[in-house]
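Single-structure report; data block below.
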Amino acid sequence: MDVTSQNGDSSCRNIVIFDTTLRDGEQSPGASMNLQEKLQVAEALVELGVDVIEAGFPIASPGDFESVREIARVVKGSCVCGLARCVNADIDRAWESLKEAEDPRIHVFLATSAIHREFKLRMTQEEIIARAVAGVQRAKGYCSNVEFSPEDACRTEIDFLCKVVEATIAAGATTVNIPDTVGYTTPQEMTTRIRTLIERVPNIDQAVISIHCHNDLGMAVANSLAAVSAGAGQIECAINGLGERAGNCSLEEVVMAMRTRRDLFKVDSRVVSQKLVPTSRLVSKVTGLKVPRNKAIVGQNAFAHESGVHQDGVLKERTTYEIMSAESVGFAKNDLVLGKHSGRAALADRVKSLGFELTKEQLDVVFDAFKRLADLKKEVYDADIVEIVDQATNKHATSAAADWKYVSYRLTSGVDDEPSVKIVLSHENVEKTVESRGGDGPIHVMFNALQQVVDFPLTLKEFKIEAVSGGSDAQGSASALLEEPNSTRVYRGRATSTDVFEAALKALVDAINRVQRAHSNS
Ligand code: KIV
Ligand code: ZN
């Protein structure tokens with residue numbers, strides 16, 4: 001059965017979707033996002049229809065605090081949550097960042113398993129319960145919506161877990177989350193654990209049971225579905241399955257599993273499934289973490305049929321080999337390419353089918369950019385349009401008067417030639433030319449030349465370039481990650497161009513501007 005609509009079926013229980021892309025997801029190595037990117041993701045999550053957005057861990061750093069506060073200020077229509085340990089300073093800081101939210105939640109956590117009690121916390125069971133209760137009570141003093149997580153719950157002795165859950169609900173927790181912190185449990189064990197909590201905790205009906213599964217053994221989605229079938233009412237998950245180590249339960253997979261198999265699970269969510277692909281693309285873009293082609297639901301191959309037998313079947317009747325339609329998760333209806341003769345109406349239609357809703361003014365900007373690109377490139381693909389729309393509509397994009405602007409470049413490079421580059425930039429309307437020679441190749445020589453415009457040393461930690469779409473005239477999308485020595489902060493620059501060296505250069509300049517802005521704000 002193809003299910004494309006949102007939850008309108010009264011026989012289905014609604015599951016609360018708690019998205020942790022901006023907190024646990026951001027803990028994925030290399031996935032750090034800046035404030036502007038987090039705001040963009042938060043707004044996409046609201047559009048997607050998630051119920052709760054875990055925006056960050058406010059005590060972790062001033063940057064985390066600032067982003068939770070900004071998200072709390074701007075987000076309307078979803079609950080905004082901040083994480084805190086069961087420590088007064090954490091909880092106070094979390095509230096400070098959340099207090100302007102339309103619908104705030106404080107999420108407090110404390111580890112409960114024997115391994116964590118003995119080696120990490122050096123606390124007895126009694127001390128853990130007292131600390132957890134005090135944490136919930138302090139959070140409750142600020143906010144009626146409080147979630148408690150016994151970290152490593154799935155390796156916690158069940159009798160002790162029941163006591164912790166009962167005590168924290170009695171202290172005021174409105175959601176109790178059962179994290180499989182290390183991705184150790186299995187669907188069968190999960191079912192038993194949730195059923196036991198429901199049977200043995202006398203006040204369990206006063207809170208929503210939540211689940212938070214890590215994917216170390218590849219079972220995060222299956223474990224989350226097992227928990228829901230056993231009675232859990234909230235799933236914690238992340239776009240593209242981002243999260244610590246192997247990641248969290250993937251939002252797009254768990255949401256589509258519930259929707260496609262409503263007949264079996266009898267649950268659904270209010271997620272707008274057609275926004276899944278655009279949101280996945282956005283998160284991939286801002287984190288620089290590519291979605292594998294064969295990733296379920298949002299991977300490029302998720303609806304591609306290679307075998308002749310399958311193609312024949314799908315052409316005769318789509319459901320022979322597809323359990324969902326590509327459009328139901330936000331892939332465009334067909335692969336028709338646009339070109340320089342395509343008109344505004346064709347572009348508007350394609351933009352809409354890609355999941356974007358633009359104002360007339362935004363569409364004007366997108367149409368101009370589309371025409372410029374179509375002059376350079378014969379065929380404009382969906383991926384090109386997504387890039388254009390993204391650049392034209394990112395209202396959080398920042399720039400400063402003191403930013404460097406790329407003007408032009410001249411590069412010489414070859415297998416037997418020493419690379420050399422001459423780059424023209426402009427700074428506060430004054431042009432400056434920087435040159436460099438030598439190094440390992442074009443990117444290295446460009447980076448060396450650009451070092452001359454900043455008076456602090458930088459390291460190029462990562463550099464990627466990939467084609468935005470198919471075709472020999474495809475645009476190149478470059479992403480550069482810069483790091484300052486003795487600092488853990490990284491700055492990602494990105495740019496797209498039909499000339500890959502220009503894209504590389506613009507991405508480097510973008511990253512340098514981000515470092516410079518951070519310096520002038522500190
Ligand atoms: O994995 C985990 O246990 C967590 C908690 C903070 C909920 O991320
Ligand atoms: Zn986690």
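Just so you know, ligand 1 is whichever comes first in the structure, and atom 1 is the first atom listed for that ligand. Scope of the values below: all heavy atoms of this structure, side chains included, with no hydrogens, waters or symmetry mates.
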If you compare all heavy atoms of E462 against all heavy atoms of K464, which two are closest, and at what distance to 0.1 Å?
OE2-CE, 3.2 Å
E151: numbered ligand 1 atoms lying under 4.0 Å from its heavy atoms
3 (O)
Considering non-hydrogen atoms only, spot the tightest contact between C86 and R131 and give its length.
O-CD, 3.1 Å
Tell me the protein heavy atom at minimum distance from atom 1 (O) of ligand 1, and give that distance in Å.
H214 NE2, 3.0 Å
Minimum-distance protein heavy atom relative to atom 7 (C) of ligand 1:
S149 OG, 3.7 Å
Where is the nearest protein heavy atom to atom 4 (C) of ligand 1: which residue, which atom, and how far?
H212 NE2, 3.5 Å
For D24, atoms of ligand 1 separated by under 4.0 Å from a heavy atom
8 (O)
Quick one: closest heavy-atom pair of S250 and V221, and the distance?
N-CG2, 3.8 Å
What residue and heavy atom of the protein are closest to atom 6 (C) of ligand 1, and at what distance?
R23 NH2, 3.7 Å
For ligand 1, find out whether one of its N or O atoms is nearer than 3.5 Å to an N or O atom of T181.
yes
Are more than 12 heavy atoms, taken from residues, nucleotides or ligands other than R195, located less than 6.0 Å from that residue's CZ atom?
no
Just to the nearest 10 degrees, tell me the angle at the Zn ion (ligand 2) spanned by H214 NE2 and D24 OD2.
100°
Over 12 foreign heavy atoms within 6.0 Å of OH, Y184:
no
So for atom NZ, which belongs to K140, do other residues, nucleotides or ligands contribute more than 12 heavy atoms lying within a distance under 6.0 Å?
yes
